[in-house]
Trainee: 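One structure, pasted below without further comment.
In each ligand, atom 1 is the first atom listed, and ligand 1 is the first ligand listed.
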Amino acid sequence: MAQYDVIIIGGGPGGYNAAIRAGQLGLKVACVDKGVNGGATLGGTCLNVGCMPSKALLHASEMYDAAANHFGELGIDVKPSLNLTQMMAQKATSVGQLTKGVEFLFKKNKVDWLKGSGRIAGPGKVEVAGPDGKSETHEAKNIVIATGSEPSPLAGVEVDQVRIVDSTGALSLPKVPKSLVVIGAGIIGLELGSVWRRLGAQVTVVEFLDRITPGMDTETAKTFQRALTKQGMVFKLSSKVTGAKIGKSDVSLTVEPVAGGAAETLTADVVLLAVGRRPYTDGLGLESVGITPDKRGIIETDHWKTSAPGVWAIGDVTHGPMLAHKGEEEAVACIETIAGKAGHVNYGVIPSVVYTSPEVAWVGQTEEELKAAGRAYKAGKFPFTANSRAKINHETEGFVKVLADAATDEVLGVHMIGPQVSEMIGEYCVAMEFKAASEDVARTCHPHPTRSEALRQAAMGVEGWTMQA
Ligand code: FAD
């Protein structure tokens with residue numbers, strides 16, 4: 001029986017970052033991971049079946065779409081043909097390099113990777129069932145649960161990963177479906193729907209709510225929906241899927257208006273079920289330390305401490321947005337707290353991104369949240385049509401909107417839709433961490449010509465002196 005300062009269960013962005021930080025701080029640390037989707041690689045959902053493979057396909061399909069539909073206007077005449085096998089192979093190669101990278105970082109930081117399924121076997125004990133069927137029990141002063149999440153099911157819609165797929169299946173379709181129905185207009189559904197639309201599928205998105213991407217600033221979400229509709233995506237909002245029948249070559253979905261009324265049947269070659277994710281704690285032995293997750297399966301924490309002494313939880317398995325960088329933040333804070341330092345996460349400054357085209361990125365509060373909180377604010381907005389770099393690149397869709405406190409000018413929220421905004425939101429994360437006023441950004445020199453000038457011009461707009469629109 002090995003003895004550790006910390007054993008982390010789960011090797012995704014929460015778990016692997018916790019393990020690396022623990023190693024850096026000189027703690028004796030192990031990370032138990034059973035791999036995802038039958039594989040035996042580190043990196044969790046994010047690296048294996050989440051962030052990274054989805055971004056690989058988003059990038060490749062965007063290039064294909066550009067070559068097919070947009071190169072002509074730049075004076076480049078080409079007729080691309082799709083090699084889906086190679087597109088999937090390059091995705092697998094990149095993912096493989098990334099998961100190996102985590103393995104390397106484990107070695108570098110003296111983290112023991114315990115391969116297999118981990119179960120808490122009472123206070124301070126973790127039993128690991130290895131791939132060879134043998135079990136070992138290890139002792140730890142601290143146990144960090146970082147077991148992540150899994151796709152949420154929907155009654156009446158059985159995933160078979162052939163005709164009805166979840167996000168994992170949608171990352172590896174063997175051919176482009178003629179028609180794809182996506183159930184759920186959240187980030188994952190719209191990203192993967194975009195991939196297959198660009199590659200040739202007719203995509204219909206069915207959403208229960210009367211809007212897409214809940215949580216996104218409403219004005220931004222409306223602009224986003226208009227952009228996706230223009231690209232050919234069809235939306236059926238305020239609609240619920242109540243059943244699915246898998247046929248020989250297609251799926252029939254029963255769809256009803258949420259407000260009541262006649263049901264209709266939608267048929268599609270493939271259906272992607274993307275109605276959200278739920279915490280994953282199967283077989284974890286939580287009962288052995290008296291932890292009971294809430295109704296949604298979430299493990300309750302206070303500063304990453306669970307109700308059981310010496311047991312901590314981070315990432316998708318606990319409260320907050322299910323995002324890799326949120327898990328990473330919590331990993332560092334949790335381990336630093338364990339090591340006697342002052343761990344801290346600023347939950348008000350966790351950015352969100354949709355990696356479609358245009359991209360959407362935001363941080364802080366939406367206009368609706370500020371109104372609901374009764375907070376007086378001023379807004380500055382700048383369209384990419386007035387940004388010179390966006391103009392010469394023919395990428396003028398979208399805007400940047402900065403929301404700042406009416407009295408103090410502190411930046412409270414930033415919402416961007418447009419080209420490469422995922423790469424620019426970090427500027428406002430830094431500004432908000434430093435409690436910057438919008439004027440601080442408005443008076444900061446930005447390089448010309450760049451899209452980042454739109455960030456500055458929007459900040460100028462808060463005080464009403466946007467100069468370039
Ligand atoms: P996970 O990454 O889920 O890792 C948990 C690990 O624990 C897994 O390896 C699992 O096998 C292992 N495990 C579970 N139970 C046990 C056990 N008992 N014993 C041993 N091992 C166990 N987030 C972003 O920030 N940006 C994105 O662009 C993004 N894109 C996404 C795209 C898709 C298609 C999906 C599905 C998700 C995406 N996410 C994205 C979300 C992101 O993947 C998750 O928020 C993140 O992976 C959560 O990290 P985690 O460490 O909490 O858990």
Side-chain angles (χ1 to χ4, degrees), residues 7-19 30-59 91 99 102 113-121 126-131 135 143-152 165-172 182 184 186-195 272-274 276-286 298-299 304 313-331 334 350-356 359-361 422:
I7 294 183
I8 297 147
I9 308 179
Y16 77 71
N17 281 297
C31 179
V32 190
D33 191 75
K34 63 178 175 184
V36 175
N37 205 27
T41 48
L42 288 165
T45 304
C46 174
L47 265 59
N48 293 285
V49 293
C51 323
M52 301 324 302
S54 60
K55 266 78 261 178
L57 292 184
L58 277 156
H59 176 69
K91 174 195 71 165
T99 58
V102 178
W113 173 17
L114 307 176
K115 291 182 195 167
S117 194
R119 188 181 74 85
I120 303 174
V126 175
E127 185 183 295
V128 180
S135 284
I143 299 169
V144 179
I145 301 170
T147 49
S149 61
E150 61 179 352
S152 297
V165 297
D166 59 19
S167 56
T168 301
L171 289 167
S172 299
V182 179
I187 296 180
I188 292 176
L190 296 180
E191 286 187 353
L192 294 175
S194 283
V195 165
L272 162 58
L273 180 63
R277 296 179 63 82
R278 62 182 185 188
Y280 179 75
T281 54
D282 283 4
L284 193 55
L286 293 177
I298 294 170
I299 297 182
W304 322 290
I314 56 171
D316 281 11
V317 82
T318 184
H319 285 283
M322 287 188 172
L323 293 169
H325 45 280
K326 176 263 192 185
E328 179 180 348
E329 284 302 292
E330 291 182 330
C334 173
I350 293 179
S352 295
V353 174
V354 194
Y355 295 83
T356 44
E359 291 185 337
V360 188
S422 61

Trainee: Nearest protein heavy atom to atom 49 (O) of ligand 1, by residue and atom, and its distance?
Mentor: Pro13 CD, 3.3 Å

Trainee: Measure across Leu323 and Pro351 and return the closest heavy-atom pair with its distance rounded to 0.1 Å.
Mentor: CD1-O, 3.6 Å

Trainee: Ligand 1 and His325, any nitrogen or oxygen pair closer than 3.5 angstrom?
Mentor: yes

Trainee: Determine the minimum heavy-atom distance between Tyr16 and Gly11, stating which atoms define it.
Mentor: CD2-O, 3.5 Å

Trainee: If you measure from each heavy atom of Gly327 to ligand 1, is any distance below 4.0 Å?
Mentor: no

Trainee: Looking at ligand 1, would Ala331 count as a contact under a 4.0 Å heavy-atom criterion?
Mentor: no

Trainee: Identify the heavy atoms of Leu47 and Pro53 that sit nearest to each other, and give their distance.
Mentor: O-CD, 3.4 Å

Trainee: Please could you name the atoms of ligand 1 that Tyr280 approaches to less than 4.0 Å, counting only its heavy atoms?
Mentor: 14 (C), 15 (N)

Trainee: Heavy-atom contacts under 4.0 Å between Pro53 and ligand 1: side chain, backbone, both, or neither?
Mentor: neither

Trainee: Can you tell me how far the NZ atom of Lys91 sits from the OG atom of Ser172, to the nearest 0.5 Å?
Mentor: 3.5 Å

Trainee: Purely on distance, is any nitrogen or oxygen of Gly14 under 3.5 Å from one on ligand 1?
Mentor: yes

Trainee: Quick check: Gly315 and ligand 1, any N/O pair under 3.5 Å apart?
Mentor: no

Trainee: For the residue pair Pro131 and Gly116, what are the closest heavy atoms and their distance?
Mentor: CD-CA, 4.3 Å

Trainee: Tell me whether Ser54 contacts the main-chain N or O of Cys51 through its side chain, where contact means a donor paired with an acceptor under 3.5 Å.
Mentor: yes

Trainee: Could you tell me if any non-hydrogen atom of Val317 lies under 4.0 Å from any atom of ligand 1?
Mentor: no

Trainee: Does ligand 1 have any atom that is closer than 4.0 Å to a heavy atom of Ile187?
Mentor: no

Trainee: Name the closest protein heavy atom to atom 9 (O) of ligand 1, giving the residue it belongs to and the distance to 0.1 Å.
Mentor: Asp33 OD1, 2.7 Å

Trainee: Examine distances only and state if a side-chain atom of Lys34 and a backbone atom of Gly130 form a donor-acceptor pair shorter than 3.5 Å.
Mentor: no

Trainee: Under 3.5 Å, side chain of Glu359 to main-chain N/O of Ser422, donor-acceptor pair present?
Mentor: yes

Trainee: Quick check: does Lys34 get an N/O under 3.5 Å from an N/O on ligand 1?
Mentor: yes

Trainee: Closer than 4.0 angstrom: is that true for some heavy atom of Lys326 and an atom of ligand 1?
Mentor: no

Trainee: Which residue owns the protein heavy atom closest to atom 19 (N) of ligand 1, what's the atom, and how far is it?
Mentor: Gly118 N, 2.7 Å

Trainee: State whether the side chain of Arg277 and the backbone N or O of Ser149 hold a donor-acceptor pair below 3.5 Å, judged by distance alone.
Mentor: yes

Trainee: Determine whether the side chain, the backbone, both or neither of Thr45 has a heavy atom under 4.0 Å from any heavy atom of ligand 1.
Mentor: both

Trainee: Quick one: does Gly35 get a heavy atom under 4.0 Å from ligand 1?
Mentor: yes

Trainee: Just how far is it from atom CD1 of Ile314 to atom CD1 of Ile8, taken to the nearest 0.5 Å?
Mentor: 7.0 Å

Trainee: Show which atoms of ligand 1 fall inside a sub-4.0 Å distance from at least one heavy-atom site of Val36.
Mentor: 8 (C), 9 (O), 11 (O)

Trainee: Can an N or O of Ala324 be found at a distance shorter than 3.5 Å from an N or O of ligand 1?
Mentor: yes

Trainee: Show which atoms of ligand 1 fall inside a sub-4.0 Å distance from at least one heavy-atom site of Gly44.
Mentor: 2 (O), 4 (O), 8 (C), 9 (O)

Trainee: How far is atom 39 (N) of ligand 1 from its nearest protein heavy atom, and which residue and atom name does that atom have?
Mentor: Cys51 SG, 3.7 Å

Trainee: Judged by atom type as modelled, is there a donor-acceptor pair below 3.5 Å linking the side chain of Asp166 to the main-chain atoms of Thr168?
Mentor: yes

Trainee: Near Val49, which atoms of ligand 1 are under 4.0 Å from a heavy atom of that residue?
Mentor: 34 (C), 36 (C)

Trainee: With rounding to the nearest 0.5 Å, note down the distance linking CG in Asp282 to CZ in Arg119.
Mentor: 13.5 Å

Trainee: Got the closest protein heavy atom to atom 28 (O) of ligand 1, with its distance?
Mentor: Lys55 NZ, 2.7 Å

Trainee: Minimum heavy-atom separation for Thr356 to Ser194, with atom names?
Mentor: CG2-OG, 3.4 Å

Trainee: State the OG-CG distance between Ser117 and Asp33, to the nearest 0.5 angstrom.
Mentor: 9.5 Å

Trainee: Please check if the side chain of Thr99 supplies one atom and the backbone of Gly43 the other of a donor-acceptor pair under 3.5 Å.
Mentor: no

Trainee: Quick one: does ligand 1 sit under 4.0 Å from the side chain of Ser54, the backbone, both or neither, non-hydrogen atoms only?
Mentor: side chain

Trainee: Give the atoms of ligand 1, by number and element, whose distance to some non-hydrogen atom of Gly116 is under 4.0 Å.
Mentor: 19 (N), 20 (C)

Trainee: Which ligand 1 atoms are under 4.0 Å away from a heavy-atom of Ile188?
Mentor: 33 (C), 34 (C), 35 (C), 36 (C), 37 (C)

Trainee: Would you mind listing which atoms of ligand 1 come within a distance below 4.0 Å of any non-hydrogen atom of Gly11?
Mentor: 6 (C), 7 (O)

Trainee: Would you say Arg277 contacts ligand 1, with heavy atoms under 4.0 Å as the rule?
Mentor: yes

Trainee: With distance as the sole test, does Glu191 use its side chain to make a donor-acceptor pair with the main-chain N or O of Tyr355 at under 3.5 Å?
Mentor: yes

Trainee: Show me which atoms of ligand 1 lie under 4.0 Å from any heavy atom of Gly10.
Mentor: 6 (C), 7 (O), 12 (C)

Trainee: What closest approach, in Å, do Ser152 and Arg278 show between heavy atoms, and which atom pair accounts for it?
Mentor: OG-N, 3.5 Å

Trainee: Taking both backbone and side-chain atoms of Leu284, is any N or O found less than 3.5 Å from an N or O belonging to ligand 1?
Mentor: no

Trainee: Would you say that more than 12 heavy atoms from the other residues, nucleotides or ligands in this model lie under 6.0 Å from the NE2 of His319, or not?
Mentor: yes

Trainee: From the options Val32, Leu284, Asp316, select the one residue that forms a side chain to side chain contact (heavy atoms under 4.5 Å, CB included) with Thr147.
Mentor: Leu284

Trainee: Please round to the nearest 0.5 Å and tell me the distance separating atom CD of Glu328 and atom CD1 of Ile350.
Mentor: 11.0 Å

Trainee: Backbone, side chain, both or neither: what part of Tyr355 comes under 4.0 angstrom of ligand 1, heavy atoms only?
Mentor: side chain

Trainee: Quick check: does Ser167 get an N/O under 3.5 Å from an N/O on ligand 1?
Mentor: no

Trainee: Based purely on interatomic distance, does Asp316 place a nitrogen or oxygen under 3.5 Å from a nitrogen or oxygen of ligand 1?
Mentor: yes

Trainee: Which option out of Val32, Ile350, Thr147 puts a heavy atom nearest to atom 14 (C) of ligand 1?
Mentor: Thr147

Trainee: Have a look at Cys46, Gly50, Gly148 and point out the one with the heavy atom closest to atom 33 (C) of ligand 1.
Mentor: Gly50

Trainee: Looking only at distance, does Met322 have an N or O less than 3.5 Å from an N or O of ligand 1?
Mentor: yes

